[in-house]
2 protein chains.
Amino acid sequence: MMDERKQRILQAIIDDYISSAEPVGSRTIARKYDLGVSPATIRNEMADLEMLGYLEQIHTSSGRIPSSKGYRFYVDGLLPQQPLSDKEKVLIDKWYQARVKRIEEVFQETARIISRVTKNVSLVLAPQLTQAAFRCLQFLPLDARRAIAVLMTDAGFVENKIIAIPSGAAFEDFQRMARVINQCLAGQTLDAIHPDTLQRIRDEIMDEELYEAALEVIYRSLDTEKKERLYLGGTTQLLNQPEFHDVEKVKEILLMLEEEQLLKDILHAHLGEGLSVTIGCENKYSGIQDCSIVTATYHLDGELLGTIAVLGPTRMEYGKAMTLLGYMNNHLADIIKKFRW
Amino acid sequence: MMDERKQRILQAIIDDYISSAEPVGSRTIARKYDLGVSPATIRNEMADLEMLGYLEQIHTSSGRIPSSKGYRFYVDGLLPQQPLSDKEKVLIDKWYQARVKRIEEVFQETARIISRVTKNVSLVLAPQLTQAAFRCLQFLPLDARRAIAVLMTDAGFVENKIIAIPSGAAFEDFQRMARVINQCLAGQTLDAIHPDTLQRIRDEIMDEELYEAALEVIYRSLDTEKKERLYLGGTTQLLNQPEFHDVEKVKEILLMLEEEQLLKDILHAHLGEGLSVTIGCENKYSGIQDCSIVTATYHLDGELLGTIAVLGPTRMEYGKAMTLLGYMNNHLADIIKKFRW
DNA sequence: GTTAGCACTCCGAATCAGTGAGTGCTAACA
DNA sequence: TGTTAGCACTCACTGATTCGGAGTGCTAAC
């Protein structure tokens with residue numbers, strides 16, 4: 001049914017379509033790819049492949065284009081190996097070294113790299129603070145009525161917030177409280193602080209108002225940060241793709257790219273799946289049914305940190321996207337480690 | 001030469017072109033605007049206006065469109081008054097209240113508001129840290145070898161950086177140093193610390209290595225922050241304008257919008273000018289010669305803080321953009337004041 | 001100075017034929 | 001039985017042509 005030759009032809013058609021963006025005909029395949037058969041034979045095979053659902057035809061007497069099912073088969077078995085060249089790896093390294101000074105910049109630059117290499121839109125979902133472990137909380141005096149609370153996490157994030165000192169409380173009380181909190185929360189993940197721990201803190205602080213103020217710091221700091229950050233890269237790359245020569249299509253997808261929550265949801269759907277490819281109509285969201293998404297989740301010491309992804313037309317260089325994401329996956333852990341204490 | 005009636009006709013033509021985006025003919029003007037003259041008369045006047053350089057014609061027998069000079073005349077004298085309605089003001093207030101929790105968010109949300117109201121691209125240049133006054137520097141212990149330096153400025157920005165404690169130095173030395181620095185730098189603007197002051201700090205610290213470490217904190221903190229931030233809003237608004245129905249044009253301008261430094265330069269060119277309008281070919285940068293930019297600089301207690309701007313096709317609602325920027329201008333100072341200590 | 005009338009220009013939409021790339025089918029071939 | 005050459009057919013695309021409409025400039029009359 002799907003013999004060796006059919007596969008080779010399917011592969012040739014998809015390869016050709018990916019690079020040309022034009023419906024491909026039997027003669028083209030016969031000429032460019034050395035399959036040792038005539039166009040007529042290829043035509044027969046193409047008709048079969050269409051019957052099987054791997055190819056589509058815009059109209060009779062046009063060439064064939066791959067269907068989502070076709071791409072799926074291609075991605076699952078026919079992908080040409082194209083490992084990252086050493087030169088590319090070095091370039092990526094240099095890029096990070098030159099541009100990343102602080103952990104927050106890692107993600108933006110990662111997005112840049114991915115979109116540059118793949119010539120498509122990239123998405124990077126940065127780790128949630130809530131998954132990070134509490135490191136320490138400190139208060140700094142500002143004036144008689146205010147202090148700055150600085151919260152640090154294991155992942156290297158530092159978050160600060162100006163808070164009011166409750167009337168009657170001295171700054172020393174804050175110092176004492178900080179000691180208590182640091183003792184109790186050391187190493188805990190922020191989104192799952194046990195009620196018992198909170199109770200212990202409360203007991204030790206022995207001042208309701210102070211306790212409330214401290215909690216507010218932790219929770220508000222957590223609140224502003226807990227929505228993980230999404231970084232986008234290369235949105236203008238879309239405009240180079242012939243499938244987006246129509247402004248309406250561009251508008252549709254650019255508007256979608258502005259809906260941060262939607263994008264996060266899409267990435268979340270693949271969280272923890274390792275390297276995953278979603279092709280065309282496999283996408284649940286109607287705006288991107290002629291796009292594909294390649295996602296990869298990255299880890300650090302076994303802990304799930306976030307997701308990186310490539311979004312492009314179904315006619316995408318899957319091999320390149322997948323090898324790149326695979327590489328960045330590992331690399332990202334190393335980079336982040338540098339900022340970890 | 002440019003009598004009352006010519007001006008009225010010019011105004012009518014520009015108003016009409018701004019709302020329709022189509023070359024406007026004499027008959028349209030006669031029908032829609034009650035000028036009390038026949039199309040033939042208007043035709044004569046239009047021919048004169050073209051001679052004078054205020055109008056252009058794509059080809060004979062097409063309607064006229066305003067030239068840059070025409071828009072300039074319009075902006076300088078013919079602008080219909082369209083003050084912000086109370087309803088709009090309330091909406092803006094509510095928007096800020098609902099979305100801005102920390103000072104950094106002020107600018108992003110300002111950009112959003114401007115692009116929503118004007119239906120064009122907005123740019124917001126946030127204050128440079130270097131123009132802000134030093135408030136205080138504090139060190140927090142992290143472990144035996146590291147500390148966190150937290151630098152605060154008058155404008156409400158808090159910046160932090162992890163630094164290594166030089167071997168041999170105790171954390172207490174840092175505390176002492178912080179006291180010295182805070183004393184010496186209090187109230188100084190960060191980009192113009194006087195050499196004498198530095199010398200004083202050096203003398204007081206009496207430890208070369210410690211002094212170097214402290215300086216590094218200040219300068220690196222300054223370094224990462226001194227490039228003022230640029231916030232963009234509403235880039236997809238462009239796609240709704242008929243002048244950008246061609247993907248090539250869209251690409252050109254979107255690519256330009258990705259060049260942060262270029263945009264900053266453009267905004268800088270109008271720094272301190274108050275409300276300023278640059279129309280079409282008045283722009284130095286070739287990529288935006290059929291765009292106009294309205295900029296306004298905002299202040300706080302007499303101190304120049306930054307620039308807000310609207311970028312759109314020359315066929316832009318100048319009146320709306322200008323009144324909005326004027327309003328935001330003042331409003332922004334109030335909003336920022338809330339975050340100031 | 002203003003206006004009506006008219007010839008003229010030019011764009012854009014619609015139509016039509018010709019071309020070329022591609023297909024499916026059939027019959028011949030190995 | 002699988003492969004191939006040949007051929008008629010389809011359909012998008014291109015370029016030429018036509019035609020209506022919107023708009024202009026000019027002239028002559030008011």
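In what follows, every chain begins at residue 1, and chains take the letters A, B, ... in the order their sequences are listed. Only heavy atoms go into these numbers, but all of them, side chains included; no hydrogens, no water, no symmetry mates. Keep in mind that what you see is a predicted model, and the values were worked out from it rather than measured.
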### Passing option when B:T278 is tested against B:I266, B:V294, B:N283, B:T295 for side chain to side chain contact (heavy atoms under 4.5 Å, CB included)
B:N283
### Task
Using modelled atom types only, decide if a donor and an acceptor are shared between the side chain of B:E282 and the backbone of B:I279 within a distance under 3.5 Å.
yes
### Query
Sub-3.5 Å donor-acceptor pair from the side chain of B:S276 to the main-chain atoms of B:E273, do we have one?
no
### Query
Taking the six-membered ring for Trp, are B:Y71 and B:Y318 ring centroids under 6.0 Å apart?
yes
### Summary
Residues of residues 41-70 of chain A with a heavy atom under 4.0 Å from any atom of DNA chain C, listed by number, are A:R43, A:M46, A:Q57, A:S61, A:S62, A:G63, A:R64
### Integer-rounded Å distance: D:dT24 C1' and B:R27 CZ
12 Å
### Query
With both distances under 3.5 Å as the test, what is the Watson-Crick or G-U wobble partner of D:dG20?
C:dC11
### Message
Return the pairing partner of D:dA28 with a 3.5 Å limit on both distances, Watson-Crick or G-U wobble; otherwise return none.
### Response
C:dT3
### Task
Output the single nucleotide from C:dA4, D:dT3, C:dG22 whose closest atom is nearest the side chain of A:T28.
C:dG22
### Summary
Here the distance between atom C1' of C:dG22 and atom CG of A:D16, to the nearest Å, is 14 Å
### Task
First locate atom OH of B:Y33, then atom CD1 of B:I13, and finally report the distance between them rounded to the nearest 0.5 Å.
9.5 Å
### Query
Does CG in B:D76 sit with more than 12 non-hydrogen atoms of other residues, nucleotides or ligands closer than 6.0 Å?
yes
### Query
Which whole-number value in Å describes the distance from B:E4 CD to C:dG1 P?
17 Å
#### Entry: Length of the CD-C1' vector between A:E22 and D:dC13, whole Å
12 Å
